[in-house]
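Below is one structure, written out as structure tokens; comments come after it.
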Amino acid sequence: MNKTELIEHIATNADISKAAATRALESVIGAVKTTLKKGGSVSLVGFGTFAVTKRASRVGRNPRTGVAIKIKAAKVPKFRPGKALKDALN
């Protein structure tokens, strides 16, 4: 499912226009981004938790030349699924 299909699904299930569904989805995505950027986490009970973790710098290798390169440290988003989501899949 891509973003357009998700918007159509939201509009149909919530009985709202596609424009309203688009605004709602963009608002949710924006809120998650803003919270993660500030270092917080977003927990949706029954669905899961979005959080930020730190990845340490490390030495990697260029696969073409084999030369060692330094990969900078980075903050990366992580998603941990909730129990209800896991149970729905099994």
Side-chain angles (χ1 to χ4, degrees):
M1 177 179 279
N2 62 28
K3 189 175 181 180
T4 304
E5 293 168 341
L6 181 58
I7 289 170
E8 288 176 15
H9 182 76
I10 292 169
T12 303
N13 283 0
D15 194 27
I16 58 176
S17 69
K18 285 185 184 179
T22 301
R23 287 192 304 274
L25 182 60
E26 292 294 335
S27 178
V28 169
I29 292 170
V32 171
K33 281 182 188 177
T34 302
T35 303
L36 293 179
K37 202 169 194 177
K38 291 179 182 176
S41 66
V42 178
S43 295
L44 302 171
V45 176
F47 184 69
T49 302
F50 295 93
V52 177
T53 59
K54 294 180 180 157
R55 187 183 315 160
S57 61
R58 61 194 192 279
V59 176
R61 218 162 264 293
N62 181 332
R64 184 173 296 165
T65 63
V67 176
I69 57 173
K70 184 174 180 175
I71 301 170
K72 295 191 290 186
K75 294 179 188 174
V76 293
K78 294 280 182 162
F79 176 75
R80 286 191 326 253
K83 184 177 182 334
L85 180 59
K86 288 180 195 176
D87 290 346
L89 300 176
N90 294 317

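Source: prediction; values computed, not measured. Side chains included, hydrogens not; waters and symmetry mates left out as well; all remaining heavy atoms used.
Closest approach of Ile10 and Ala21 over heavy atoms only: CG2-CB, 3.8 Å. Counting all heavy atoms, side chain and backbone alike, Thr4 lies closest to Asn2 at N-OD1, 3.1 Å. Minimum interatomic distance between Thr49 and Ser41 (heavy atoms only, all atoms of both residues): CG2-CB, 4.3 Å.
Here CZ of Arg58 is found 9.0 Å from CD1 of Ile69. Values are rounded to the nearest 0.5 Å. Atoms CG and CD, from Leu6 and Glu8 in turn, are 10.0 Å apart once rounded to the nearest 0.5 Å.
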Which pairs of donor and acceptor atoms, one on a side chain in residues 82-90, lie under 3.5 Å apart (sequence neighbours left out)?
{"residue": "Lys83", "atom": "NZ", "partner": "Asp87", "partner atom": "OD2", "Å": "2.8"}
{"residue": "Asn90", "atom": "ND2", "partner": "Lys86", "partner atom": "O", "Å": "3.4"}

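Applying the side chain to side chain contact (heavy atoms under 4.5 Å, CB included) rule to Arg61 yields the partners Ala68; only residues at least two apart in sequence or on another chain are considered. Listed by chain and residue number, Phe47, Phe50 satisfy the ring-ring contact (aromatic ring centres under 6.0 Å, His included) test with Phe79 (two or more places apart in sequence, or in another chain). With sequence neighbours left out, Ala20 forms a side chain to side chain contact (heavy atoms under 4.5 Å, CB included) with Ile16, Ser17, Arg23.
Sorted by first and then second residue, the ring-ring contact (aromatic ring centres under 6.0 Å, His included) pairs with a member in residues 11-45 form an empty list; sequence neighbours excluded. Each side chain to side chain donor-acceptor pair (under 3.5 Å) pair with one or both residues in residues 67-76, not counting sequence neighbours, would appear here, but there are none.
Between Lys3 and Glu26, at least one side-chain nitrogen of the basic residue sits less than 4.0 Å from a carboxylate oxygen of the acidic one, meeting the salt-bridge criterion.
Between Thr53 and Arg55, the closest side-chain pair of non-hydrogen atoms is not below 4.5 Å.
Tracing side-chain contacts under 4.5 Å through hydrophobic residues (I, L, V, M, F, W, Y), one never reaches Leu25 starting from Val32; they form parts of separate clusters.
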